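All remarks here apply to the structure that follows.
The structure displayed is predicted, hence computed values, not measured ones. First the proteins, then the strands, lettered A, B, ... as listed; each starts at 1.
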Amino acid sequence: MEDISHILAPLNEPQRDAVTATGGNRLVLAGAGSGKTRVLVHRIAWLIQVEHLAPWSLLAVTFTNKAAREMRSRIEEILQQPIGGMWVGTFHGLAHRFLRAHWQDAKLPQHFQILDADDQLRLVKRLLKELQLDESRYPPRQVMGFINREKDEGRRPEHLDDGGDFYQRKLIEVYREYQATCERAGQVDFADLLLKTHELLRDRPDIRHHYQERFAHILVDEFQDTNAIQYAWLRLLAGDRDNLFLVGDDDQSIYGWRGARVENIQSFQRDYPNTQVVRLEQNYRSTGNILQAANALIAHNPTRLGKNLWTQDAEGEPILRYAAFNEVDEARFVVDRIRGYVTEEGYRRAECAILYRTTAQSRLFEEALINAQIPYRVYGGLRFFERAEIKDAMAYLRLVANPDDDTAFERAVNTPMRGIGPRTLENLREQARETRVSLWQAARDLLASGNLPPRAAGAIGQFLDLIDRHRRAAPDLNLDGLANDLIAAAGLEEHYRKEKDGKGQDRVENLGQLVETAGRFHLELGDAEIEGENDALAAFLAHAALESGDTQADEFEDSVQLMTLHSAKGLEFPIVFLVGVEEGLFPHSLSADDPHRLEEERRLCYVGMTRAMHQLFVSHAESRRFRGSEDRPFPSRFLREIPAALVREVRAGGLSRSAAWGSAASLAPGTRQAGASWGAGVPEAGQGGGFHLGQGVRHPKFGEGVVLNSEGRGAAARIQVKFHGEGAKWLVLAYAKLEPLG
DNA sequence: AACTTCGGCTTTTTT
DNA sequence: AGCCGAAGTT
């Protein structure tokens with residue numbers, strides 16, 4: 001008998017029950033901080049090391065790439081070996097893998113591509129125009145939402161009934177046209193990945209049986225976030241093997257807006273009556289006070305399965321509540337407190353997290369942190385592959401992989417401007433529409449027909465040639481070589497270099513980074529399941545769409561963590577600041593009226609609170625600048641739902657406004673040590689020559705101004721200065737001869 | 001065809 | 001406040 005204590009010893013009774021379960025389905029209702037991931041990981045270790053199952057017979061699925069990475073590394077850690085053939089990934093990632101393997105069965109071109117949300121929106125807009133539907137009556141975002149919602153529920157256009165409603169009929173028409181366009185171009189959107197996978201499993205018993213036999217166990221994380229298709233997909237994969245191991249928490253369901261159905265938890269128990277339910281209610285994360293407060297809050301939700309977390313931990317500190325004067329004061333308060341924890345109580349910066357409802361809120365805190373010279377890191381927000389310049393470059397790569405990619409064609413054809421304007425493009429579109437071919441093919445046809453004005457013909461000829469040339473060269477090049485050549489030949493770098501809005505330099509740097517990323521990706525590809533050179537490009541494009549670059553693995557500096565509540569799920573921090581807890585913002589005004597959405601907002605608040613281990617702060621501003629105008633929001637109803645006995649009101653103690661600013665401003669320029677490092681994307685203090693936000697400066701040419709912003713590091717460090725009469729300019733610190741004033 | 005200006009609208013969250 | 005599309009100007 002081998003030693004299995006490493007698997008069982010760290011577990012409590014119910015956790016052990018779940019991990020060692022035999023026969024039948026398991027539903028693990030795991031409260032926040034109750035060791036959910038641990039149970040999943042140990043379950044897998046149990047199956048492999050005790051039941052001696054082969055890794056390839058296991059399937060583990062999560063929702064976010066982050067969670068998938070975490071699970072993968074923890075599995076490898078406990079097994080002390082690579083996960084081998086185990087399928088561990090997100091629903092979308094696994095579906096993609098499946099469709100790549102079965103592209104013929106799914107009636108997809110071998111190099112089908114993935115449409116991300118931005119591509120999707122552009123496509124919808126284009127179709128609305130083609131169908132002559134007014135964007136004000138058919139807001140593209142809502143039309144897109146309609147399409148996605150239907151797909152998430154597993155409905156194709158032909159399943160839909162307009163019920164005699166004109167508007168509905170039009171929506172269905174757009175959906176149908178949208179789908180046809182995607183198919184013509186060999187493109188698949190996020191929802192399609194799941195839907196097509198489901199359809200294939202449903203319609204092909206042979207394939208279904210193959211996978212049903214292969215997977216001895218199917219483990220699902222965050223089951224409460226599954227949508228209709230994902231659930232149906234799991235059922236097909238499981239067949240009647242009763243091999244499902246689902247972990248979830250109805251109180252942490254926060255993705256209803258993208259089709260997630262908490263009800264799947266109940267449906268599951270109905271659909272599989274032989275399911276054993278395990279409840280994990282002991283919390284190992286938070287103090288008693290934090291837990292009590294969170295429990296009290298979530299108790300206000302009428303529709304829940306019911307569960308009460310408890311802890312052996314001490315009560316701990318009360319929750320601290322701060323009523324800020326305005327949003328700037330709120331940020332200042334938070335940063336002061338963080339400074340206190342770090343300098344006086346020995347916390348690392350990375351142990352402090354600022355959680356907010358909307359991404360837009362991050363800026364205030366970033367500014368305050370920059371000002372205080374505290375390194376920070378923002379999660380989420382604009383991801384690498386979503387940046388305009390990266391999408392531009394990717395459009396060229398996509399065309400090389402598949403010239404029929406209309407979305408990419410539209411984007412690349414006149415970026416940078418090469419004289420193919422709206423008029424010419426309209427010509428192409430019409431030709432494409434009439435002959436039912438891609439824009440690429442239409443361009444070739446039109447060019448061959450000689451029916452183009454000479455100027456347009458020349459420009460188009462060059463563009464087609466550019467792509468063709470690289471298509472031929474691609475097989476002999478590494479990804480980075482291809483990307484590099486393409487960016488240069490397309491003139492993208494030059495285009496951005498000349499851009500004068502101050503962002504140009506950044507964009508050029510990002511293009512450089514894209515080439516690097518491509519190179520690294522190519523290297524890492526070695527062990528993956530890629531056959532020919534051609535597939536490297538396809539894999540890279542898929543990677544860009546599916547992971548959108550949230551890795552940012554570089555920044556390992558100890559830094560304060562900033563993120564939305566959604567991206568905080570699954571994480572924990574000793575010190576948590578839950579900010580902007582105001583009516584209108586949290587709960588968000590778009591959700592406050594609908595009871596279901598309100599419940600989801602409350603769950604989001606619950607998620608946020610339960611991230612905290614030692615100390616939880618909640619703050620709200622009495623006045624907030626929002627979209628230009630001034631707002632006087634009420635404190636959130638959620639604050640009232642936390643028992644007063646657990647909360648202590650704080651005033652901005654100790655550090656007054658002037659003291660907080662003084663600490664940065666009182667140092668004479670130049671005397672600051674380089675060791676006092678700045679936040680991510682901010683110049684080193686030594687490099688900065690002692691500039692900080694709000695500081696007066698003099699420039700030989702532009703005169704006097706005030707520092708507004710800064711970004712980049714080292715030689716790339718730049719600051720934005722508002723000059724009197726001149727407006728704001730971005731200046732490269734290394735070159736600009738700036739003189740500090742005051 | 002390219003560039004400028006103006007006005008409306010927006011963002012809740014992510015694969 | 002900032003972004004995008006529409007309309008107007010060169």
Side-chain angles (χ1 to χ4, degrees), chain A residues 61-68 89-96 114-118 120-122 125 128-129 134-136 139-142 145 148 151-152 188-195 222 225-227 229-230 253-260 355-364 379-383 385-386 388 414 416-426 453 455-456 459 500-501 503 542-550 563-569 580 584-592 594 597-598 600-601 603-605 607-608 625-630 728:
Chain A
V61 54
T62 65
F63 271 83
T64 63
N65 293 307
K66 193 161 65 181
T90 63
F91 274 102
H92 291 88
L94 295 175
H96 172 246
I114 300 169
L115 223 53
D116 70 18
D118 181 68
Q120 208 188 0
L121 188 63
R122 280 164 196 273
K125 281 184 183 169
L128 288 173
K129 214 168 258 165
D134 183 9
E135 283 199 7
S136 58
R141 288 201 109 79
Q142 284 179 37
N148 286 336
K151 287 188 170 190
D152 283 343
V188 167
D189 61 26
F190 286 134
D192 255 349
L193 287 171
L194 303 174
L195 193 43
E222 310 276 16
D225 287 334
T226 46
N227 65 26
I229 275 296
Q230 286 158 342
S253 158
I254 55 175
Y255 287 108
W257 53 273
R258 66 171 207 209
L355 309 182
Y356 35 79
R357 176 70 238 272
T358 67
T359 39
Q361 286 165 266
S362 77
R363 269 184 67 168
L364 290 158
Y379 289 77
L382 190 61
R383 290 175 199 48
F385 285 105
E386 290 168 2
N414 205 31
M417 286 181 292
R418 49 170 70 85
I420 304 174
R423 188 76 145 272
T424 312
L425 207 50
E426 199 35 59
R455 281 233 321 246
K500 52 181 186 274
D501 66 356
K503 280 267 159 214
H543 166 80
L546 282 172
E547 302 226 3
S548 54
D550 61 355
M563 67 195 79
T564 63
L565 287 159
H566 281 86
S567 39
K569 186 157 76 147
L585 197 55
F586 194 25
H588 197 274
S589 50
L590 294 181
S591 302
D594 175 346
R597 309 188 101 199
L598 179 64
E600 183 154 310
E601 294 280 318
R603 291 194 291 265
L604 197 51
C605 189
V607 167
R625 217 189 195 98
F626 191 58
R627 295 220 259 269
S629 63
E630 197 88 356

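For A:R625 and C:dA1, the CZ to C1' distance is 9 Å, given to the nearest whole Å. Distance, A:D225 CG to B:dT13 P: 17 Å, rounded to whole Å. One atom, CD of A:E600, and another, P of B:dT14, lie 13 Å apart when rounded to the nearest Å. Taking atom NZ of A:K66 as the reference point, atom P of B:dT14 lies 9 Å away to the nearest angstrom. As a whole-Å value, the separation of A:H588 NE2 from B:dT11 C1' is 7 Å. Summarising the geometry, the separation between CZ on A:F385 and P on B:dT14 is reported as 18 Å, rounded to the nearest angstrom. Here the P atom of nucleotide B:dT15 and the NE2 atom of A:H566 are 11 Å apart, to the nearest Å. Across the protein-nucleic acid pair, A:R603 atom CZ and B:dT13 atom P stand 18 Å apart, rounded to whole Å.
Expressed to the nearest 0.5 Å, how far CG of A:D192 lies from CG of A:L115 amounts to 9.0 Å. Here A:K66 contributes atom NZ and A:T90 contributes atom OG1; the two are 14.0 Å apart, rounded to the nearest 0.5 Å. Remark: A:D225 CG to A:R258 CZ distance equals 7.0 Å, nearest 0.5 Å.
Where A:E386 and A:A456 each meet DNA chain B at their nearest nucleotide, the meeting point lying more 5' is that of A:A456. Both A:F190 and A:S591 lie near DNA chain B, and the one whose nearest nucleotide falls closer to the 5' end is A:S591.
A donor-acceptor pair under 3.5 Å is absent between the side-chain atoms of A:Q120 and the main chain of A:D189, judged by distance alone.
The shortest distance between the side-chain N/O atoms of A:T564 and the OP1/OP2 oxygens of B:dT14 is below 4.0 Å. Distances shorter than 4.0 Å separate none of the side-chain N or O atoms of A:S567 from OP1 or OP2 on B:dT13. Regarding contacts with the backbone of B:dT11, every side-chain N or O of A:T359 stays at 4.0 angstrom or more from both OP1 and OP2. Taking only side-chain nitrogens and oxygens, A:R141 never comes nearer than 4.0 Å to OP1 or OP2 of B:dT10.
Across the C1' atoms, B:dT11 and C:dA6 are found 22 Å apart, a figure rounded to whole Å. C:dC4 and B:dT13 have their C1' atoms separated by 22 Å, given to the nearest Å.
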Within the sub-3.5 Å range, which N or O atoms of nucleotides 2-6 of chain C have a protein N or O partner, and how far apart are they?
unit_1 : atom_1 : unit_2 : atom_2 : d
C:dG5  : OP1    : A:K125 : NZ     : 3.2

Side chain to side chain contact (heavy atoms under 4.5 Å, CB included) between A:H588 and A:T358: does it pass, once the steps are laid out?
CA-CA 9 Å; A:H588 197 274; A:T358 67; 4.1 Å; yes

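When distances are taken from the side chain of A:M417 to each of B:dT15, B:dA2, B:dT13, the shortest belongs to B:dA2.
Between A:R423 and A:E426, none of the side-chain N atoms (NZ, or NE/NH1/NH2) sits under 4.0 Å from a carboxylate O, so this pair counts as no salt bridge.
At a threshold of 4.0 angstrom between heavy atoms, the contacts of A:F63 are confined to the sugar-phosphate backbone, with no base atom among them.
Ring geometry for A:Y255 against A:H566 counts as tilted: the plane angle lies between 30° and 60°, on a 0 to 90° scale.
Taking a centre distance below 5.5 Å and an interplanar angle below 30 degrees as the stacking criterion, A:W257 stacks against the six-membered base ring of B:dT13.
Of all non-hydrogen atoms in A:H92 and A:F190, the two that sit nearest each other are CD2-O, 3.4 Å.
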